[in-house]
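Only one structure is covered here, and it is reproduced in the block below.
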Amino acid sequence: MESLGMSLAQLKHKRVLVTGHTGFKGSWLSIWLATLGAKVHGFALTPEADRPSIFHEAQVESLLASHTVADIQNLEAIQACLEKTQPEIVFHLAAQPLVRKSYREPISTWSVNVMGTINLLEAIRHVGGVRVCQVITSDKCYENSGQVCSFRETDPMGGYDPYSSSKGATEIAVSAWRRSYFATERLTEHGCSLSSVRAGNVIGGGDWAEDRIIPDCIRSLSSNEPIQIRNPNAIRPWQHVLEPLSGYLALAGRQWDQPESFADSFNFGPFPSGNLTVGEVASQVVKHWGKGTWVDQSSQSSVRSPVHEAAFLKLDITKASSLLGWTPKLSAHEAIKETVHWYRERFTEATNFDALKLCRSQIESYECRSKLL
Ligand SMILES: NC(=O)c1ccc[n+]([C@@H]2O[C@H](COP(=O)([O-])OP(=O)(O)OC[C@H]3O[C@@H](n4cnc5c(N)ncnc54)[C@H](O)[C@@H]3O)[C@@H](O)[C@H]2O)c1
């Protein structure tokens, strides 16, 4: 795909700050950016010590120009990081990204997600020099009444639970800061093109988060235990991590060239065929793992979800496809296959496992596939 190819080439030698670079998506993005020749700086907390981490396993730190461990809730820390690293492009992924954890920790979820974003935007405003900023939110930012429909970028923000609503609020903050401080008429050579990007349930190797279907499946399968599925009929828009990341990169290139036109919000979801039930995903994971089973626990009170979970989420990607020429490249089945392959290699290769090499090879084959389509 030509527009992705152009955007990738544009990133060479650029100073890029990734917040949340120690997390699942941030690590993949940092690897991809470093492979493209960008000078990548990171700002995040250290990965949680009680589980594996793609950041450590793929030795992402060794690829970075700088690695700042600090809290996004601390305005001075993010401002100091911007002053030190002088980024031209910022991808903001640092967040508390889990719905169920947000029920337990609503205040910190809102503080990290909403105020953390506002701190970053204020720091960008005061330090200057950032030409492109992308704030990564979520498909859950939309007000979801539970009816079957595809959310478009113009649909109302909302969110039932603390996490989803924090992402809706983040979107409102981004929109307010864009209009108040980064408005198109004020975009001078020192101005910043501010966008927000919304993606669905992302899967890929190296995610070890709690309460996510793929890490839960892998934890069970690698311990020879049946996978416990609490909500097998819930439909989600599954996509491989490289899909939204390719959208972010394509958009960053367009923001760089036409800052005013692309200072906007974009959905990066799968084609409708990417919508599978959780049960279908579990079956696919078992198939590619080669053995194991899953059990429906929806009627078991001990594991039944105590919290509201949206029954259906779907993103309309017409805007990204018509304005950016971006479309998904992997079916949900291919995305699951690539993902399970990553974990299988990790468990079968054990000490010989080279996570960085595998990530790079999956990125390379994704790039090849993008150019072919
Ligand atoms: N993974 C998904 O399925 C998915 C779907 C939609 C949106 N998102 C969004 O993408 C982004 C990345 O998600 P992920 O899955 O990689 O999450 P993750 O938990 O793997 O990574 C989160 C990152 O944020 C950092 N972070 C958290 N709190 C911080 C703080 N107070 N200060 C500084 N850094 C902090 C962590 O250190 C880590 O680097 C998040 O904004 C998330 O909401 C993820």
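Just so you know, ligand 1 is whichever comes first in the structure, and atom 1 is the first atom listed for that ligand.
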Less than 6.0 Å separating the ring centroids of Phe353 and Trp342? yes
Are Trp326 and Phe268 close enough that their ring centres sit under 6.0 Å apart?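 Close enough - the centres of the two rings lie under 6.0 Å apart.
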Measure up the Tyr142 and Phe151 rings against each other and bin them: parallel (under 30°), tilted (30 to 60°), perpendicular (over 60°).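 Geometry flag for Phe151 against Tyr142: parallel rings.
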Compare every heavy atom of [Y] with every heavy atom of [X], then report the nearest pair and how far apart it is.
X	Y	result
Arg178	Ser265	NH2-N, 4.2 Å
Leu63	Ala34	CB-CB, 3.9 Å
Leu36	Leu11	CD1-CD1, 4.0 Å

Could you check whether any side-chain heavy atom of Trp238 comes within less than 4.5 Å of a side-chain heavy atom of Ile213, counting everything from C-beta outward?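 In contact.
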Where is the nearest protein heavy atom to [atom]: which residue, which atom, and how far?
atom	answer
atom 31 (N) of ligand 1	Asp71 OD1, 2.9 Å
atom 32 (N) of ligand 1	Ile72 N, 2.8 Å
atom 29 (C) of ligand 1	Leu45 CD1, 3.5 Å
atom 20 (O) of ligand 1	Phe24 N, 2.8 Å

Among [options], whose heavy atom sits nearest [atom]?
atom	options	answer
atom 40 (C) of ligand 1	Val202, Leu93, Leu98	Leu93
atom 7 (C) of ligand 1	Thr137, Ile136, Thr170	Thr137
atom 17 (O) of ligand 1	Gly23, Pro97, Ser27	Pro97
atom 15 (O) of ligand 1	His21, Arg212, Glu48	Arg212
atom 41 (O) of ligand 1	Lys167, Lys25, Arg198	Lys167
atom 26 (N) of ligand 1	Gly42, Gly20, Gly116, Ala95	Ala95

Is [X] touching ligand 1 with its side chain, its backbone, both, or neither, if touching means heavy atoms under 4.0 Å apart?
X	answer
Trp28	neither
Ala70	backbone
Ala199	backbone
Gln96	neither

Heavy-atom contacts with [X] under 4.0 Å: which atoms of ligand 1 show up? List them by number with element.
X	answer
Gly200	3 (O), 5 (C), 6 (C)
Tyr163	7 (C), 42 (C), 43 (O)
Ala44	33 (C), 34 (N), 37 (O), 39 (O)
Thr22	36 (C), 37 (O), 38 (C), 39 (O)
Gln73	31 (N)

Between Glu122 and Trp177, a side-chain donor and acceptor under 3.5 Å: yes
Residue from Phe55, Phe43, Trp28 passing ring-ring contact (aromatic ring centres under 6.0 Å, His included) with His21: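 Per the ring-ring contact (aromatic ring centres under 6.0 Å, His included) rule, the option paired with His21 is Phe55, out of Phe55, Phe43, Trp28.
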Whether Lys319 engages the ring of Phe266 as a cation-pi pair (distance to the six-membered ring centre under 6.0 angstrom, angle to the ring normal within 45°) should be assessed.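 Ring-cation test returns yes.
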salt_bridge(Asp139, Arg198) N-O dist < 4.0 Å: no
Short side-chain to backbone donor-acceptor contact, Thr19 and Leu93, under 3.5 Å: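 Side chain of Thr19 to backbone of Leu93, a donor-acceptor pair under 3.5 Å: yes, one is there.
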Within the structure, does Val112 bring an N/O atom to less than 3.5 angstrom of an N/O atom in ligand 1? no
